[in-house]
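First comes the structure, then the notes that go with it.
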Amino acid sequence: MIQLDTVLVVDVEATCWETAPPPGQRNEIIEIGLCPVDVATGERGERRSILVRPQHSTVSPFCTKLTTLTPEQVASGVTFAEACALLRTEFRSDRRVWASYGDYDRKQFERQCAAEGVRYPFGPRHINVKTLFALVRGLPREVGMDEALRIAGRPLEGTHHRGHDDAFNIAGLFAELVCTLRA
């Protein structure tokens with residue numbers, strides 16, 4: 001049964017390169033940022049970061065420049081399978097609605113779970129905050145997170161392209177949208 005008291009806002013960072021991945025490498029999640037939102041109050045919970053050790057790729061200098069995550073930092077992370085298990089046990093991700101900004105995060109989880117034979121950590125309910133923001137605000141198109149924050153008059157808190165900070169910022173946008181829709 002899906003629990004509707006809390007929505008888990010998730011943002012992932014993955015290995016990336018300035019051009020195509022090097023031969024034999026693929027995009028892999030290296031950070032799962034989370035921020036729960038209490039649906040009744042709209043309050044954001046603590047932002048969390050789960051560092052994930054890549055198995056089939058390396059953190060490029062481009063990736064470090066974008067995310068600030070170094071190869072050494074992610075080398076100390078858990079495996080992707082352990083991260084997915086942690087999502088289920090600690091955050092009850094398989095029994096909660098979860099949200100992300102756009103579809104990239106959902107699709108990356110689906111791809112990586114399929115590629116590694118890992119059980120998908122989430123339940124069937126996903127909210128695309130990027131689409132919801134555009135619809136509620138009456139925008140002619142979807143906008144990036146930084147532009148959404150600007151439109152909403154909210155400052156960027158933390159470092160852009162760090163999972164836990166982006167999840168916290170997205171959670172703020174989401175909470176505001178839920179309160180707007182409820183009014």
Side-chain angles (χ1 to χ4, degrees), residues 7-37 44-94 96 98-122 126 128-130 143-149 154-174:
V7 172
L8 292 177
V9 177
V10 175
D11 184 79
V12 301
E13 303 303 328
T15 51
C16 55
W17 302 267
E18 217 160 353
T19 58
Q25 295 194 41
R26 59 184 156 107
N27 297 99
E28 290 182 275
I29 294 171
I30 55 174
E31 182 185 24
I32 303 168
L34 297 117
C35 183
V37 174
R44 293 179 285 185
E46 177 186 358
R47 61 183 109 181
R48 294 280 307 272
S49 173
I50 302 170
L51 293 181
V52 182
R53 185 173 60 250
Q55 304 295 306
H56 308 282
S57 62
T58 58
V59 176
S60 69
F62 173 80
C63 187
T64 296
K65 184 177 179 186
L66 182 67
T67 66
T68 74
L69 292 167
T70 66
E72 295 77 23
Q73 285 174 298
V74 299
S76 68
V78 297
T79 67
F80 179 68
E82 290 168 333
C84 288
L86 182 65
L87 289 171
R88 284 189 300 276
T89 58
E90 188 172 335
F91 297 96
R92 298 190 307 242
S93 61
D94 54 348
R96 296 199 184 281
W98 72 288
S100 63
Y101 201 82
D103 272 336
Y104 173 81
D105 305 81
R106 180 181 59 79
K107 289 178 179 178
Q108 181 61 35
F109 265 104
E110 289 172 353
R111 278 191 299 268
Q112 197 162 338
C113 284
E116 297 186 24
V118 172
R119 184 175 145 213
Y120 187 68
F122 299 105
H126 174 260
N128 182 330
V129 179
K130 187 177 194 177
V143 297
M145 184 194 79
D146 50 347
E147 189 174 347
L149 290 169
R154 302 178 71 90
L156 173 70
E157 298 183 52
T159 302
H160 192 26
H161 297 298
R162 274 305 304 266
H164 63 293
D165 289 335
D166 283 354
F168 189 74
N169 285 295
I170 296 162
L173 289 168
F174 176 73

Give me the one residue out of Arg47, Arg162, Arg48 that meets salt bridge (Lys or Arg N to Asp or Glu O under 4.0 Å) with Glu31.
-> Arg162
Find out whether Arg53 and Leu51 are in side-chain contact, i.e. whether some heavy atom of one side chain is under 4.5 Å from a heavy atom of the other.
-> no
Hey, could you give me the SG/CG distance between Cys63 and Asn27, rounded to the nearest 0.5 Å?
-> 9.0 Å
So do Pro71 and Thr64 actually touch side chain to side chain, heavy atoms under 4.5 Å?
-> yes
Does the side chain of Val78 come within less than 4.5 Å of Ile50's, by heavy atoms?
-> yes
Could you tell me whether a side-chain N or O of Asp94 sits under 3.5 Å from a main-chain N or O of Pro121, the two making a donor and an acceptor?
-> no
Check Gln25, Arg26, Glu28 against Ser57 for a side chain to side chain donor-acceptor pair (under 3.5 Å) and give me the one that passes.
-> Glu28
Note, Tyr120 side chain near Arg106 side chain (heavy atom, < 4.5 Å) | yes
For Lys130 and Val143, the nearest pair of non-hydrogen atoms, with its separation, is CE-O, 3.5 Å
Once the angle between the rings of Phe109 and Phe80 is folded into 0 to 90°, is it parallel (under 30°), tilted (30 to 60°) or perpendicular (over 60°)?
-> tilted
Answer whether the closest heavy-atom distance between the side chains of Ser93 and Leu34 falls below 4.5 Å.
-> no
May I ask you to decide if Leu156's main-chain N or O and Asn169's side chain share a donor-acceptor pair within less than 3.5 Å?
-> no
So CG of Asp11 and NE2 of His164: to nearest 0.5 Å the spacing works out to 10.5 Å
In Å and rounded to the nearest 0.5 Å, what is the CZ to SG distance from Phe122 to Cys84?
-> 7.5 Å
Contact check, side chains of Ile29 and Gln108, non-hydrogen atoms, under 4.5 Å | yes
Is the closest side-chain heavy-atom distance between His126 and Asp103 below 4.5 Å?
-> yes
Honestly, is Arg44 close enough over Phe168, meaning NZ or CZ under 6.0 Å from the six-membered ring centre and within 45° of the axis?
-> yes
Asp166 and His160: side-chain donor and acceptor closer than 3.5 Å?
-> yes
Please report the closest heavy-atom contact between Leu8 and Pro36, naming both atoms and the distance.
-> CD2-CB, 4.1 Å
Answer yes or no: is there a donor N or O on one side and an acceptor on the other, between the side chain of Asp165 and the main chain of His161, under 3.5 Å?
-> no
Indicate the atoms forming the closest heavy-atom contact of Tyr101 with Gly144, along with that distance.
-> OH-O, 3.5 Å
Heavy-atom side-chain proximity of Thr70 to Val59 below 4.5 angstrom = no
Considering non-hydrogen atoms only, spot the tightest contact between Gly45 and Cys35 and give its length.
-> O-SG, 3.4 Å
Among side-chain atoms of Thr79 and Gln55, is any donor-acceptor pair under 3.5 angstrom?
-> no
